[in-house]
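Only this structure's heavy atoms are used, side chains among them; waters, hydrogens and symmetry mates stay out.
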2 protein chains.
Amino acid sequence: MITREADYGIRVLLLLARRERAGQGGESSVAIAEEMDIPYRFLRKLVKRMVAGRLLTSRRGKGGGLELARPAGRITLYDILEIMGPAGTRLSQCVATPGACRRAGTCRVHRVIGTIQTSVDRQLRAANLESLVD
Amino acid sequence: MITREADYGIRVLLLLARRERAGQGGESSVAIAEEMDIPYRFLRKLVKRMVAGRLLTSRRGKGGGLELARPAGRITLYDILEIMGPAGTRLSQCVATPGACRRAGTCRVHRVIGTIQTSVDRQLRAANLESLVD
DNA sequence: TCAAATGCTACCAATTGCGTATCAAATAAC
DNA sequence: GTTATTTGATACGCAATTGGTAGCATTTGA
């Protein structure tokens, strides 16, 4: 399951992508929280994560705020989910952590799940913010 | 994430499918726990769930035990996961629970995730126990 | 110097995951 | 009909995760 934190994250990035496309530049956490109806403190926490994960850049002090760290076309759902909670789109521990399972080589279930996981990842990588902006 | 409980569940069903194919009939929880190295009490709990979910039938008393409720070819990974923890393969609340999200109609993220979820489900439905037995 | 903004750490309640424990009921074999 | 074997039901416990909240430090533009 994609967590609420990850979901908020995606939407915050989308908002910034939209603003960027409109030539409006960055925005502050307070403003974003207000605009998107996300609890300010919670937003601050997840923004920190996205800054650390190099999805966003931040500028402190008056007039500061947040911006996309790179063009919207180069940020995919995969990137975002990988940083905001990779477990959300991992189907199985067995496949996620190589070596977690001794039967990995022979088990057919493992093979099937692995194939599905690969297809999920591929589709998430194909979805970038630019294509998701209205 | 597929939970350990669901994973055990799949493997227990696979064991029974293998025995059935070999014409060996059902087996008791004690024997299965021993054979598969699953904590007995924990196995009992998940077996109960699979009986309630009509994946297994049980017979109490001496000589009793467990059997597949229907032919292995008609039990899919989707069926099993649906009963043993549907959250494990659900990508998003937003898509899993219709009406959980007001933007469901217009949101592009929702659309992308929905498409991926559909493809996951299709692949899980295509994998039945018979095809997974060695 | 002051206000506006992020950085950092820590806390809290509810839920979930992974088991464990206890007793009741059914049933086959003797 | 007693006994051993087997499932049924309920409930408890501990650790990790999720979704927030709170407080203080630091940076920076005006």
Query raised in the report: What is the nucleic acid contact for Arg41(A), judged by heavy atoms within less than 4.0 Å: base, sugar-phosphate only, or nothing?
Result: base
Query raised in the report: Does Arg70(B) reach the side chain of Leu55(B), with side-chain heavy atoms less than 4.5 Å apart?
Result: yes
Requested in this report: Give one of base, sugar-phosphate or nothing for Arg44(B), where a contact means two heavy atoms less than 4.0 Å apart.
Outcome: base
Query raised in the report: Taking OP1 and OP2 of dG7(C), is either one under 4.0 Å from a side-chain nitrogen or oxygen of Ser58(A)?
Result: yes
Query raised in the report: What is the distance from CE of Met1(B) to P of dC18(C), rounded to the nearest Å?
Result: 10 Å
Report task. Whole angstrom is fine here: how far is it from NZ in Lys62(B) over to C1' in dA25(C)? Result -> 17 Å
Query - Phe42(B) CZ to dC12(D) C1', straight-line distance once rounded to whole Å - result: 15 Å
Requested in this report: Would you classify Gly65(B) as touching base, sugar-phosphate or nothing, given that sugar-phosphate means primed atoms plus P, OP1 and OP2, and contacts are heavy atoms under 4.0 Å?
Outcome: sugar-phosphate
Query raised in the report: Given side chains that start at C-beta, do those of Leu129(B) and Ile80(B) come closer than 4.5 Å, heavy atoms only?
Result: yes
Query raised in the report: So if you build clusters from Ile, Leu, Val, Met, Phe, Trp, Tyr with side-chain heavy-atom gaps below 4.5 Å, do Leu43(B) and Met36(B) land together?
Result: yes
Query raised in the report: Under 4.0 Å: is that the gap between some side-chain N or O of Ser29(A) and OP1 or OP2 of dT6(C)?
Result: yes
Requested in this report: Let me know the distance between NZ of Lys48(A) and P of dT21(D), rounded to the nearest Å.
Outcome: 16 Å
Query raised in the report: Atom CG of Leu56(A) and atom C1' of dA5(C): how far apart are they, to the nearest Å?
Result: 15 Å
Query - Euclidean distance, atom CD of residue Glu67(A) to atom C1' of dA5(C) [Å, nearest integer] - result: 14 Å
Query raised in the report: So does Arg60(A) reach the base of dT26(D) with its side chain, donor to acceptor, closer than 3.5 Å?
Result: yes
Query - Check: Ser119(A)/Gln123(B) side-chain N/O donor and acceptor closer than 3.5 Å - result: yes
Report summary line: Between OH of Tyr40(A) and P of dA4(C) the distance, given in whole Å, is 12 Å
Query raised in the report: Between Arg4(A) and Arg59(B), which is nearer to the 5' end of DNA chain D once each is assigned its nearest nucleotide?
Result: Arg59(B)
**Report entry** Donor on one side chain, acceptor on other, Asp121(A) and Thr118(A), under 3.5 Å
**Finding:** no
Query raised in the report: Considering only side-chain heavy atoms of Lys45(A), which listed nucleotide, dT6(D), dG19(C), dT21(D), is closest?
Result: dT21(D)
**Report entry** Nucleotide dC18(C), atom P - distance to OH of Tyr8(B) in whole Å
**Finding:** 9 Å
